[in-house]
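One structure is given below, encoded as structure tokens.
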2 protein chains.
Amino acid sequence: MVSALERDVRERFRRSGYTLTSQRRAVLEALKDFKGHPSAEEVYLVVKKRNPRVALGTVYQALSVLEEIGLIEAKHWSESPVRYDLNTEPHHDIRCIRCGEVTEIRGVEFEDFAARIRENTPYEVTNASLVIEGVCPNCQSQN
Amino acid sequence: MVSALERDVRERFRRSGYTLTSQRRAVLEALKDFKGHPSAEEVYLVVKKRNPRVALGTVYQALSVLEEIGLIEAKHWSESPVRYDLNTEPHHDIRCIRCGEVTEIRGVEFEDFAARIRENTPYEVTNASLVIEGVCPNCQSQN
DNA sequence: ATCAGTGCAAAGACTTTGCACCACT
DNA sequence: AGTGGTGCAAAGTCTTTGCACTGAT
């Protein structure tokens with residue numbers, strides 16, 4: 001059976017005009033398998049295991065295409081490298097500023113809030129996301 | 001008369017243990033004067049006009065100290081350089097992905113939302129902020 | 001044959017670091 | 001004289017770019 005995600009992937013590539021290449025698919029697979037929010041470098045390492053010929057530059061390019069067509073989301077936390085995740089259910093993540101662990105936050109509804117933003121600006125909003133950082137329970141106890 | 005901000009500045013430096021040097025003050029002044037959200041480089045250019053001997057590295061260091069003690073806020077939009085603003089009234093900014101213009105969004109209340117976040121995670125939240133991007137009216141009309 | 005996509009290396013942008021010097025205790 | 005801060009340059013990290021090559025229409 002072809003999954004809904006699979007159909008969505010093909011559909012988005014078709015509409016965008018970009019080609020669904022094996023490298024781009026591999027990046028998507030790597031993101032699917034990766035627990036947490038890998039950086040481009042981390043995605044690259046996973047992808048390279050299966051196909052050692054892929055270049056880091058290609059992974060960057062693939063991530064940028066996948067983000068552009070809405071299949072993945074880029075997270076800009078305050079430490080440097082951009083991290084990515086599959087754009088499935090809307091959800092929010094918090095990242096520990098000590099150890100870097102990323103955890104999902106449940107029970108917080110963002111959509112009404114995003115709607116309010118759209119009502120209150122003449123901009124055409126393309127991205128409204130949360131950056132949440134803190135200290136995880138584990139690191140708190142190590143004080 | 002010594003302004004409230006001025007008192008706050010001294011107080012925060014005192015509590016933090018950092019020294020309120022002329023360079024750090026100059027960075028703060030530059031941020032006060034700058035309309036919009038300057039990058040470290042832009043702050044540096046302003047500061048250098050008054051004191052040509054300051055180094056870019058010092059500006060980076062000063063910004064990092066000022067952020068740490070809560071006097072300024074760092075904004076991580078999706079294009080690369082971090083941009084800063086004075087941490088005065090809570091407010092939200094949207095940045096045009098075409099021209100880079102930053103505009104304040106009014107009429108959106110974040111505090112209840114932030115409280116919900118705190119309730120729904122075991123992390124000690126140190127930073128919860130919004131990244132909002134879009135296309136400004138001016139750039140929309142240039143399509 | 002064409003043309004988007006790729007691999008590779010080199011360049012680029014932004015930021016941090018190391019270290020000698022400085023200024024204030 | 002000791003300690004945190006500074007100026008400067010060099011190094012570092014993350015990302016993009018140029019270009020020749022490849023692979024699918």
Taking the side chain of [X] as its heavy atoms from C-beta onward, which of [options] lies nearest to it?
| X | options | result |
| --- | --- | --- |
| Thr21(B) | dC14(C), dT6(D), dG7(D) | dT6(D) |
| Tyr60(B) | dC14(D), dG5(D), dT16(C) | dT16(C) |
| Arg24(A) | dT15(D), dG5(C), dC8(C) | dG5(C) |

Whole-Å distance between [N] [atom2] and [X] [atom1]?
| X | N | atom1 | atom2 | result |
| --- | --- | --- | --- | --- |
| Glu42(A) | dT13(D) | CD | C1' | 14 Å |
| Leu63(A) | dT16(D) | CG | C1' | 13 Å |
| Lys75(B) | dC14(C) | NZ | C1' | 20 Å |
| Leu56(B) | dG18(C) | CG | P | 17 Å |
| Lys48(B) | dT6(D) | NZ | P | 17 Å |
| Leu20(B) | dA23(C) | CG | P | 17 Å |
| Arg83(A) | dT13(D) | CZ | P | 15 Å |
| Tyr18(A) | dG5(C) | OH | C1' | 12 Å |

Would you say Ile69(A) ends up clustered with Val9(A) if hydrophobic residues are merged whenever their side chains have heavy atoms under 4.5 Å apart, either directly or through other cluster members?
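Yes; Ile69(A) is reachable from Val9(A) via cluster members.
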
Is there a continuous path of hydrophobic side-chain contacts, each under 4.5 Å between heavy atoms, that joins Tyr84(A) to Trp77(B)?
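Tyr84(A) does not cluster with Trp77(B).
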
For the pair His91(A) and His37(A), name the ring-plane relationship: parallel under 30°, tilted 30 to 60°, perpendicular over 60°.
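Tilted.
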
Any idea how Phe113(B) and Phe113(A) line up, ring-wise: parallel (<30°), tilted (30 to 60°), or perpendicular (>60°)?
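Taking Phe113(A) first and then Phe113(B), their aromatic rings lie parallel (interplane angle under 30°).
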
May I ask you to verify if any side-chain N or O of [X] is less than 4.0 angstrom from the OP1 or OP2 atom of [N]?
| X | N | value |
| --- | --- | --- |
| Thr58(A) | dG7(C) | yes |
| Ser39(B) | dC14(C) | no |
| Thr19(B) | dG4(D) | no |
| Gln61(A) | dA4(C) | no |

Just call it for Glu41(A): base, sugar-phosphate, or nothing, with non-hydrogen atoms closer than 4.0 Å on any strand.
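The answer is nothing, as Glu41(A) stays clear of every strand by at least 4.0 Å.
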
Steps toward side-chain hydrogen bond (donor to acceptor under 3.5 Å, both in side chains) verdict (Glu68(A), Ser16(A)):
CA-CA 9 Å; Glu68(A) 186 186 331; Ser16(A) 68; over 6 Å; no

5' precedence on DNA chain C between Ser64(B) and Gln23(A) (nearest-nucleotide basis):
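In this pair, the answer is Gln23(A).
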
